[in-house]
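Here the structure comes first, spelled out in structure tokens, and everything after it is commentary.
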Amino acid sequence: MANHDKDDAPRSNRPRRAAAEDTYTYTPRYARPADEEASGAGHDGEIFDVEEVGLRDGEHATHGAGSPLYDRSAGFGRTLVRTTFGSIIPGLGLVGTRRTLLGLFLFAVSLIAGGAAAVLAFVHRSTLVSLVANSRNLLVLAVALLVGALAWVIVIIGTYLVSRPRRMTRPQRLVGAGVVFLMSLLVATPTAVASAYALQTSIVLGSIFGTGSRSQTRPNVSGDNPWAGMGRLNILLVGADSGENRDDELGLRTDTLMVASVDVTTGDTVIIQLPRNLENVPFPEGSALAGAYPGGRVWDGYSDSEDSYMVNAIWNEVPREHPELFTDTDYPGADATKMAVQGVTGLKIDYFMMVNIDGIQALIDAMGGVTVNINFPIAKGGHVNGYGDEECGVDGYLTVGPNQTLDGEDAMWYARSRCNDPDYDYGRMRRQSCLVNAIIKQVNPQTLLTRYEAIAAASENMMSTDIPQDLLDNLANLALTVKDGTVSRLVIAQNLSGASTSGALEVDPGDPDYDAIRAAVADAVAQSENGGTAPATSASSPATSRAPSPAAGDEDTDAGTAGSHGIGGTGHDEESSASSPTTSATAENVSDACEYNPVS
């Protein structure tokens, strides 16, 4: 088949065709190398498709076999492969093109960045946590992720433009545009989501962990390992209720009081749970609060009500009774409560974290529920006989069974109900620790990724603390250690008759034996430090409390003085016996307490 020049010059003396046909320009579909055409050789050379290899208008098919234009692998299919590889690893698709050097540079940068991220995630987790547990770092990360996503999309588009054939058909153009759009979407969407998560986390951390706040009771520490010389870090966990249904005169009530005493080396943790209705609460000797309440905060029998003299009322009442003692703190209620709990347990309380009950309910709903074991039909609503008009279980009961998934509202009944609990307050306190343990164990990466925004919003509205933001990275690393450690608990409660009393000490909340409580706490901590083995002494043995001495750098002023970070710090020098022959003060493993053992 003969070729026609673009001016359609005739090759013979035949008359020209009609004018209508002269407007037709013949474009060869197939071509042979020009040297064969000129020499008159036959069709021994392979015929190739001009449109496939991208011959432009006006060009002659003069490229022989082995030339880039003749090579079929340089066609549209190869462009799609390069674009896909360039989407997976930026720069890879440019290698082998006229932009090879740029491709190698981007490829090397991508490998270095990916390798560094992998090392941080799998080898140096503590360093990664330190980097992201900071609101400023997270803000920088959010911006960097957006810039990185934009740059990645530009590389994808550039790879396609550089490697595409010089001429493509309309379907090829549509397919190419679709592939570029799809690859850009796959890259940009998760990166943009990660940027949004980083920004929201930065806002939440900045809201919860403030900067520049004042406290009279927290330690003044700094450095890469701020708690290295402390041995144990004691954090007061407060569950507070100030909801719409609470009487305005009662204000905020700390109905749940727990102390998490953490071994900063091993991560082994003892949770000490205190009853909300302890009375005659002492304060550490030598503190300004001990001077204000020399015999403890004792109800005189006629002022206000007895309820306002319980430990759960100290948050509101003590700063109101002695405002002059809290002029240089932003946490008057927390500082007063921390000093009271120090007087009760003998542990120097370093920080507090308060969780609003309504916030926990929102958190559990954001998580998609929480799974616990239910050993008896837990009443929803109502009162114990003689304490209210509503019958116990007025709103129904939680179903007995293992691995019951509860929404936020039912989880609150699980943690707060007691009217039909065989162990009354002790049983409720046990369920509260089970709920906390379940939440910690069930917040997994999949839950965080799929429900992150709701969880972050719930967390922002449910928590307050005096932990400074610049210690958050250290606290996060300590939490990783705690996750791998053993958690045990000691419950101080009333009415333990008939209850399984492992890890419990029975007290009379109206007239508690605080020396017995401090001895039980000392034994529980010693047991945890001994790997779960009970110490030679028990709660029934005499225990001596050490008088407090101010720790170096502690932010202690008029509200109280700092004691030991271990046992002691109450300022009660006298020896006393903690007699409770029907109870065991050895700590109980939380997992054992939360197993499915239905009540017959």
Side-chain angles (χ1 to χ4, degrees), residues 236-259 272-283 289-290 292-323 325-326 331-345 352 354-358 379 381-390 392 412-413 415-421 423-429 431-432 491-496 505-514 517:
L236 175 63
L237 307 176
V238 181
D241 188 357
S242 58
E244 296 179 359
N245 296 326
R246 179 173 287 279
D247 191 329
D248 290 339
E249 293 184 358
L250 293 177
L252 183 143
R253 284 291 189 264
T254 55
D255 286 342
T256 300
L257 291 170
M258 302 182 191
V259 178
I272 300 106
Q273 293 180 262
L274 302 175
R276 63 182 179 84
N277 55 346
L278 288 176
E279 298 183 38
N280 308 332
V281 177
F283 293 95
L289 286 174
Y293 304 97
R297 190 167 180 270
V298 182
W299 184 44
D300 57 16
Y302 58 86
S303 299
D304 296 324
S305 67
E306 187 175 6
D307 288 349
S308 64
Y309 281 80
M310 295 177 179
V311 68
N312 69 334
I314 286 177
W315 188 291
N316 275 340
E317 303 299 332
V318 169
R320 185 161 56 191
E321 293 170 353
H322 294 280
L325 300 181
F326 301 95
Y331 309 100
D335 284 340
T337 304
K338 287 167 68 176
M339 296 300 292
V341 172
Q342 177 178 334
V344 171
T345 62
F352 86 94
M354 185 180 74
V355 179
N356 186 280
I357 295 298
D358 294 334
H383 298 86
V384 180
N385 291 337
Y387 286 91
D389 298 330
E390 292 182 331
C392 183
M412 288 303 95
W413 285 121
R416 302 180 70 181
S417 178
R418 61 174 177 170
C419 65
N420 70 328
D421 192 313
D423 298 333
Y424 198 57
D425 265 345
Y426 173 73
R428 179 171 69 171
M429 296 169 77
R431 282 183 274 114
Q432 288 172 351
V491 176
I492 314 298
Q494 61 177 332
N495 299 333
L496 291 177
L505 177 71
E506 182 176 290
V507 297
D508 176 5
D511 186 22
D513 185 342
Y514 287 111
I517 293 175

Grab the two heavy atoms, one from [X] and one from [Y], that are nearest each other, plus how far apart they are.
X	Y	answer
A379	W413	O-CE3, 4.2 Å
E317	S308	CG-O, 3.6 Å
V311	N277	CG1-N, 4.4 Å
I517	V344	CG2-O, 3.6 Å

Which residues satisfy the ring-ring contact (aromatic ring centres under 6.0 Å, His included) test with F352, sequence neighbours excluded?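 Testing F352 for ring-ring contact (aromatic ring centres under 6.0 Å, His included), a comparison that skips the adjacent residues, returns W315, Y331.
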Could you state the interatomic distance from CG (L236) to CD (Q342), rounded to the nearest 0.5 Å?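 L236 CG to Q342 CD: 11.5 Å, rounded to 0.5 Å.
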Calculate, to the nearest 0.5 Å, the distance between atoms CG and OG1 belonging to N316 and T254 respectively.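 That separation rounds to 8.5 Å.
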Would you please name every residue forming a side chain to side chain donor-acceptor pair (under 3.5 Å) with D421, sequence neighbours left out? R431
Restricting to side chain to side chain donor-acceptor pair (under 3.5 Å), what partner residues turn up for Y309, sequence neighbours left out? none
Does the pair Y514 and V281 meet the rule for a side-chain contact (heavy atoms from CB on, under 4.5 Å), with working shown? CA-CA 9 Å; Y514 287 111; V281 177; 3.7 Å; yes
Taking the side chain from N280 and the backbone from G296, do they hold a donor-acceptor pair closer than 3.5 Å? no
Under the side-chain contact (heavy atoms from CB on, under 4.5 Å) criterion, do L325 and L289 qualify, and how do the steps go? CA-CA 8 Å; L325 300 181; L289 286 174; 3.8 Å; yes
Find out whether L257 and I272 are in side-chain contact, i.e. whether some heavy atom of one side chain is under 4.5 Å from a heavy atom of the other. no
Would you check if V355 and L237 make a side-chain contact, meaning some heavy-atom pair closer than 4.5 Å?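 Answer no - side chains too far apart.
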Are the charged groups of R297 and E279 less than 4.0 angstrom apart, N to O? no
Test of understanding: with side chain to side chain contact (heavy atoms under 4.5 Å, CB included), list the residues that count as partners of [X], not counting sequence neighbours.
X	answer
Q432	T256, M258, Q273, A415, R428, M429
A336	I314, V318, P319, F326
D508	D511

